[in-house]
Amino acid sequence: MRIVLRIGGSVMASPVNVELMSKYAAIVKKLRKQGHKIVVVVGGGSLAREFISTAKNLGLNMQAQDEIAISVSRLIAQLFLKKLGDVACDKVALTLDDAATCLSQSRVVVMGGLKPGITTDAVAALVAEHVGGELLVKGTDQDGIYNKDPRKHSDAVKLDRLSFDDLQGVFSESQHKAGMHQIIDPEAVKVLKRKRVKLVVVDGFKPENILAAIKGEKVGTVVE
Ligand code: UTP
């Protein structure tokens, strides 16, 4: 199966969690051995947000703030790529075509951000579209999608399974802002819906959830 793993910067890079990154590397190697083609998209996490705020304080515009955040995400991607060693391509993929080329060599693609104005969720969806991915698994700092933001509402209820249309009703913020944080970017959802890519959102602090999601076991929230 062609699988895109989107590992939240909030999970693996806030700050860089060496133990978790090592576990993710082992899991990606295992999946590749099983014959899956894997693309890993990582975010810049708190380090990216720190740089975004520095860029803002310097009076830089939104595009510049995004460019800085992309560089940070690519730095985290490079760490992960080096940890994977020769199962991964030699360099972090900077374009969708880079990703497709790397995958065609049966190696693991690792990338961060792509271009200003989007999030790494959108990157994950775009790369799934570009390489014909069937499944996007997002490992994040919540254990799934709730009917409202669980950090703001104590009565929020976790949803086990929903359609892409149901998901649109859950969103509050849709305008892009540097460093914005939602359970999944609505722009990514549009692409996934159009291309019928299944999405599973799981607690990324437990990397074994990724394996469970791929096996189709009941974990996190499934959107299709
Ligand atoms: P994300 O918010 O997508 O990454 O990117 P993250 O750290 O993994 O997020 P969480 O915390 O796990 O959800 C951080 C910021 O980088 C810029 C945007 O400003 C985005 O909000 N970015 C990222 C881009 O402009 N383009 C990209 O392709 C990727």
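First listed ligand is number 1; within each ligand, the first listed atom is number 1.
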Side chain to side chain contact (heavy atoms under 4.5 Å, CB included) between R6 and L136, intermediate numbers included: CA-CA 7 Å; R6 153 84 173 102; L136 168 59; 3.9 Å; yes
K91 vs L81, side chain to side chain contact (heavy atoms under 4.5 Å, CB included): CA-CA, chis, key distance, verdict: CA-CA 8 Å; K91 293 209 164 90; L81 176 124; 5.7 Å; no
Can an N or O of [X] be found at a distance shorter than 3.5 Å from an N or O of ligand 1?
| X | value |
| --- | --- |
| P116 | no |
| G8 | no |
| I52 | no |
| L114 | yes |
| R6 | yes |

Would you mind running through ligand 1 and noting each atom that sits below 4.0 Å from a heavy atom of [X]?
| X | value |
| --- | --- |
| G43 | 4 (O), 6 (P), 7 (O), 8 (O) |
| G44 | 7 (O) |
| K115 | 24 (C), 25 (O), 26 (N), 27 (C), 28 (O) |
| A69 | 15 (C), 16 (O), 17 (C) |
| G117 | 25 (O) |
| G113 | 27 (C), 28 (O), 29 (C) |

Heavy-atom contacts under 4.0 Å between [X] and ligand 1: side chain, backbone, both, or neither?
| X | value |
| --- | --- |
| V42 | neither |
| E67 | neither |
| V123 | side chain |

With a 4.0 Å cut-off on heavy atoms, does [X] reach ligand 1?
| X | answer |
| --- | --- |
| M62 | no |
| I70 | yes |
| S73 | no |

Pair K193 + D165: basic N to acidic O under 4.0 Å: yes
Under 3.5 Å, side chain of [X] to main-chain N/O of [Y], donor-acceptor pair present?
| X | Y | answer |
| --- | --- | --- |
| S14 | S46 | yes |
| R2 | V131 | yes |
| T221 | L159 | yes |

Side chain to side chain contact (heavy atoms under 4.5 Å, CB included) evaluation trace for V28 with F80: CA-CA 11 Å; V28 167; F80 190 62; 4.1 Å; yes
Of all heavy-atom pairs between [X] and [Y], which one has the smallest distance, and what is that distance?
| X | Y | answer |
| --- | --- | --- |
| F205 | V11 | CE2-O, 3.6 Å |
| R107 | D86 | NE-O, 3.6 Å |
| G43 | A13 | O-CB, 4.0 Å |
| D121 | I183 | OD2-O, 4.2 Å |

